[in-house]
Structures are given as C-alpha cells and as structure tokens.
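Being a predicted model, the structure only gives us computed values, none of them experimental. Protein chains get the first letters and strands the later ones, always in sequence-line order, with residue 1 at the start of each.
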Amino acid sequence: MTAAILGKKVGMTSLFTDKGAKVPVTVIQAGPCTITQIKTMKTDGYSAVQLGFEEIPERKVNKPLAGHFAKVGSKPMRTLKEFRDMNVDFNEGDEITVEQFNIGDKVKVSGTGKGRGFQGVVKRHHFKGVGMATHGQKDRQRHGGSVGQSSWPSRILKGVRMPGRMGGKRVTISNIEVMDIVSDQNIIIVKGCLPGPINSLLEIVKR
Amino acid sequence: MNSMPLIEEMLKARAIDSRKQKDGDNYVEVPSFNPGDQVNIAVRVVEGEKERIQNFKGIVLGIRGGGVNKTFRVRKISNGVGVERVFHMSSPMLQGITVLRTGNVRRAKLYYLRGMSERKIRQKIS
C-alpha cells in the first residue's frame, strides 16, 4: 500500500531501544492532511492525490483557490502537494493522518535542504585544497587547482565543479525507519536526520 | 515556536509507561543522587539468549548532560584496578539504582579522586 503525508520538522532527540541502544531520531509533526483533489487517468491523464496541509484563515487565500477548497468542503490550506499513483480508496475531502504508517516501516522523506550560500570547492565538492602551508606555497590551501587544459580546447568543459551556490535544493532520503508514532498528537518519529531547517516542510512517502 | 522540550517530555513519559508495563512490579524509579555518593547500579546484561543482572558498586564522579542525554560516571576499584563506567540516566538497561551512602563534597566533578588511594578517597568524601 502506498501512504503519503506532509509534515513539518520539529527537531531531533534520541530514543532508547529495548536492547538499550540509543538511536538519534527526528520528530515530525505530520498531518492531518486533507485530500483536496484526486486526479485520474481519465480526467487528467495521470493518477495522483493532492494533499493539503496546515490550515490557514480564509482571508489568506485568493478567490480561485478558495473555490478549489470549497469544492471538496475543506478549510483553506497553506500547502498543496501531489503524490503520484497512490491507489488508495479515498474520497475527496477525506482526512488522512499518521495512522497510515506503522512502526518499523521504511519510508522516503523529501524536503528542501538548508541553504549554504556561495561556497568554495572544499565545502561544496569535498575537494582537498591544493597546497601546503609551507614549502614556498601561498594562499592556496582551499583552492580547486586547474579547471582544464590549455590551447586545446581553449575553453573550460561544461560541468566542471567550481565554487557557487550550495544547498537550498530538494533532498530525498530513502529507506529511513519509522521508530514511533503518536497518533493523538499527529507525530511521527523517524530514525536519523532529515534535510532542512526546523519548521520546514517534509514529504513522507511509503511505497 | 520550539515545541521540542514538550515533545521530549511526552516521549519520556511514554518510555516510562511502556517500561512500567513491561517490568511490572520490577520497575524502580531512578532516585536522585549526587556526585560523591556511593551507589549500587543494577544493569541488565544480555548474553546471547539469557539475561541477567549485573551490579556495579562505586562512587559517582559526576553527572553531565540533560534530558535524554543525561549520563553519570561511576568509579570503583576492582582488584586494585580503577574502573569507570558511564551510564545513561534514561537507559532501559538500568534495573535500579540504590544510594548506599551520601557523600559530602564541594565539587560537581570529582575527577581528582582518580589519583587517590582508597583510604584517602574515604576521607575525602565523608
């Protein structure tokens, strides 16, 4: 069965297993999400389920979007995301919660990673730097070295790794284990760390 | 808003509940103790299939960390060799802690006891 939900990263802590091992975990405030639209092969050319997450006041949505929510009898939501091929028996307007996941499930979590700004090659591409501090060398401990050849091809090849903007991109982590679920508080706890800062949006998918 | 402290509290309560359920009457709450106290710690040791309780008796050298990361360090002299062990305060492997004698010390971390003879330690902490 496919399960998907939207959530917010709350923070990290640790849990003890029954065997006494301490495991790092991330706490996610997930759902409840409303199904705002179901797309089918017949009407849309592909099958997907659109989920809405986090209620917002009516005044924050424009009229077309308000209509979209009113159609399924849902309150306005901050985020709308589609999940392909959910093949689950749901109707539009239904609410889905963390209860569709079980402890021990392997899930895939996606989010936007922390933006690192303009970074050099050592941090961005794990280069080792060029030179040493002594032996007549100067100012090149964190440099990238040569970026190409000489008169042929007389240009730098495309895709050469260089300094630039780092992070702030979508990151997906697969095969993370669900450690605990607190359904009355809509909390799902997974093993290990997740992309993005605290309060950032996360998509949790089980295939 | 940072709701992490609240959630940690809740997780702690849940962990205690589940342990109470599992251990039944065997569940013992962790008593409060201080550096310098002589304590006996019952630790669950799993050896293959079997499980038994191992006791570790010694002096608390210090307590560090907070929340789930709170640990304490116990030192004892075993066959003339100093042995130190760090325990997690909220570990489910701890079966019980008993305070045998309270110490009278002025410091939070008693690392200076390491170089001392047993006799001197006894004088220092009482």
Under 4.5 Å from a heavy atom of chain B, the part of [X] involved:
X       : result
A/Lys22 : side chain
A/Asp18 : both
A/Val27 : side chain

Inset, instruction - Determine yes or no for a side-chain-to-main-chain donor-acceptor pair under 3.5 angstrom, with A/Lys9 supplying the side chain and A/Gly196 the backbone. - result: yes
Inset, instruction - Compare all side-chain heavy atoms of A/Val98 with those of A/Ile5 and state whether any distance is below 4.5 angstrom. - result: yes
Legend entry - Axial cation check for A/Phe53 ring with A/Lys81, 6.0 Å and 45° limits: no
Inset, instruction - Look at B/Lys12, B/Glu51, B/Glu8 and state which one has the largest set of heavy-atom pairs under 4.5 Å with chain A. - result: B/Glu8
Legend entry - For chain A, the option from B/Leu94, B/Asn69, B/Val46 that forms the most heavy-atom pairs under 4.5 Å: B/Asn69
Legend entry - B/Ser90 versus chain A, the contacting section by heavy-atom distance below 4.5 Å: both
Inset, instruction - Of all the heavy-atom pairs spanning A/Cys193 and A/Thr26, show the shortest one and how long it is. - result: CA-OG1, 3.6 Å
Legend entry - Passing candidate, side-chain contact (heavy atoms from CB on, under 4.5 Å) with A/Glu92, options A/Gln37, A/Lys71, A/Gln50: A/Gln37
